[in-house]
Amino acid sequence: MTKIIIGLTGNIGTGKSAIMRFAAEQGVHPIDADKVVHQLLATDTALQQKIGAAFGPSVVGASGQINRAALGEIVFRDAAALQKLEALIHPEVRRQIKEQIAAAGARIIMLEAIKLLEGELKDDCDQIWVANCGKFLQMQRLVIGRGMDEEEAFQRIAAQPPQAAKVAAADVVIDTTGSLGDTRSQVLAALDRLPLSPPDAPSAEIIVRRARPSDIPSILLLIHRSSGGRVKPKRNEILMSLSERGYLIGQQGAEISTVVGWYADKGFGAIDQMFIYPEEAAETTGKAVLGEVDRTANELLCEAIFAFVSDDTPDLVRGLLADYGFMSEESTAWPRVWQQTFKELRPAGATKTLIKKLWNARVA
């Protein structure tokens with residue numbers, strides 16, 4: 001299958017997150033270079049040691065992980081320090097991104113990288129998209145949406161290359177000055193203009209809909225197959241659940257291959273069940289159902305979506321949630337009302353919680 005790779009860039013606070021979200025809703029596979037960096041800083045022992053040696057022990061936490069806040073204080077005030085850090089990180093980031101591109105099953109891939117044009121990854125892109133808005137709006141988004149003070153926001157913006165140079169190099173410019181609806185319309189129009197080659201083979205239409213009582217036998221079979229027989233709910237349990245939460249079904253043709261249990265309460269969404277079978281359906285019905293959850297949560301003005309997972313949750317499901325912007329984060333870092341709602345919604349069997357912050361996406 002021939003893939004089209006869209007490189008998305010733009011300076012901080014220009015609206016790249018919203019563009020990525022709207023593209024993902026259309027089946028585009030998102031890759032966030034910043035998330036790759038965060039994962040490396042958290043898990044790559046060799047890289048952690050190199051950064052500690054280059055910037056001193058103050059940037060290394062007790063567990064050996066990099067203290068991103070402390071590191072940011074250094075590199076965003078010193079252009080030479082930022083270049084030194086990028087020289088350490090970028091080779092491994094490029095390698096991992098190329099692996100993700102090769103493994104992606106989608107026809108269109110969107111790679112978001114704030115330094116895309118300054119590195120080698122731009123050579124792998126078929127189109128360059130640039131998110132654009134004025135500096136005043138950037139400042140507003142950083143101060144209101146990310147909680148920075150004005151001085152920090154100004155320093156972050158000033159430390160980056162001129163936005164005008166990125167706009168000049170773009171194949172597509174998405175102006176995020178207006179409403180989210182305006183931004184979404186521009187994204188859809190740009191995707192429609194892509195020079196897509198014919199599909200490798202015709203496929204049945206993907207349908208996402210709410211589950212009905214008549215779907216219970218299919219749901220039971222899917223849960224059994226997806227969990228390898230470990231999860232064995234009874235018909236009455238599923239029937240009861242239909243009245244307590246929204247079950248979304250993803251099917252291609254007549255085959256149901258994804259079931260997601262989710263609900264919205266107190267301004268938050270919660271996913272507490274997700275089953276996919278066969279595995280390759282993650283790239284089709286799995287993405288379609290998560291896209292519908294995301295769309296509905298935004299329509300309901302949810303501030304965030306919690307995804308509750310257990311030790312038995314397959315890596316396939318965890319990876320799909322990560323692709324859609326769900327991240328692992330200590331709840332102590334959240335606003336107080338988020339922490340309280342999280343405690344109220346968290347089911348007894350959940351051992352880990354992932355979160356997607358929709359409120360930030362609306363202003364970032």
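All residue numbers refer to positions in the sequence shown, counting from 1.
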request  = For Thr176 and Arg141, test the side chains for any donor-to-acceptor distance below 3.5 angstrom and give the result as yes or no.
outcome  = yes
salt_bridge(Lys266, Glu344) N-O dist < 4.0 Å = yes
inquiry  = Around atom CD of Glu99, are there more than 12 heavy atoms from other residues, nucleotides or ligands closer than 6.0 Å?
reply    = yes
inquiry  = What I want to check is whether the side chains of Lys287 and His29 have a donor and an acceptor closer together than 3.5 Å.
reply    = yes
message = So, using side-chain contact (heavy atoms from CB on, under 4.5 Å) as the criterion, who are the partners of Val60 when residues are at least two apart?
response = Ile66
request  = Could you tell me which residues satisfy side-chain contact (heavy atoms from CB on, under 4.5 Å) with Thr258, sequence neighbours excluded, listed by chain and number?
outcome  = Val260, Ile276, Thr285, Val289
task = Establish, from distance only, whether the side-chain atoms of Glu329 and Trp334 form a donor-acceptor pair under 3.5 Å.
result = yes
request  = Check side-chain contact (heavy atoms from CB on, under 4.5 Å) between His38 and all other residues, then give those that pass, not counting sequence neighbours.
outcome  = Asp34, Arg68
key: Qualifying side chain to side chain donor-acceptor pair (under 3.5 Å) pairs with a residue from residues 83-92, counting only residues at least two apart or across chains   = Glu86-Lys115, Glu92-Arg95, Glu92-Gln96
message = Between Lys352 and Asp311 (salt bridge meaning N to carboxylate O under 4.0 Å), is one present in this structure?
response = no
query = Got a sec, which pairs hit salt bridge (Lys or Arg N to Asp or Glu O under 4.0 Å) with one end in residues 164-181, sequence neighbours left out?
reply = none
ask   = Among pairs that include at least one residue of residues 41-58, which meet side chain to side chain donor-acceptor pair (under 3.5 Å), considering only residues two or more places apart or in two chains?
value = none
inquiry  = Tell me if the centroids of the rings in Trp338 and Phe268 come within less than 6.0 Å of each other.
reply    = yes
task = Using distance alone, with no hydrogens and no angle criterion, decide if Asn132 and Thr14 have a side-chain donor and acceptor under 3.5 Å apart.
result = no
inquiry  = Under the criterion salt bridge (charged side-chain N to carboxylate O under 4.0 Å, His left out), I'd like the reasoning laid out for Arg295 against Glu25: C-alpha separation, chi angles, the key distance, then a yes or no.
reply    = CA-CA 8 Å; Arg295 183 191 67 78; Glu25 289 174 358; over 6 Å; no
ask   = Salt bridge check: are Arg209 and Glu292 linked by an N-O gap of less than 4.0 Å?
value = no
query = After noting the C-alpha distance and the side-chain angles of Lys16 and Asp32, does the key distance pass the salt bridge (charged side-chain N to carboxylate O under 4.0 Å, His left out) rule?
reply = CA-CA 10 Å; Lys16 298 184 296 298; Asp32 187 338; over 6 Å; no
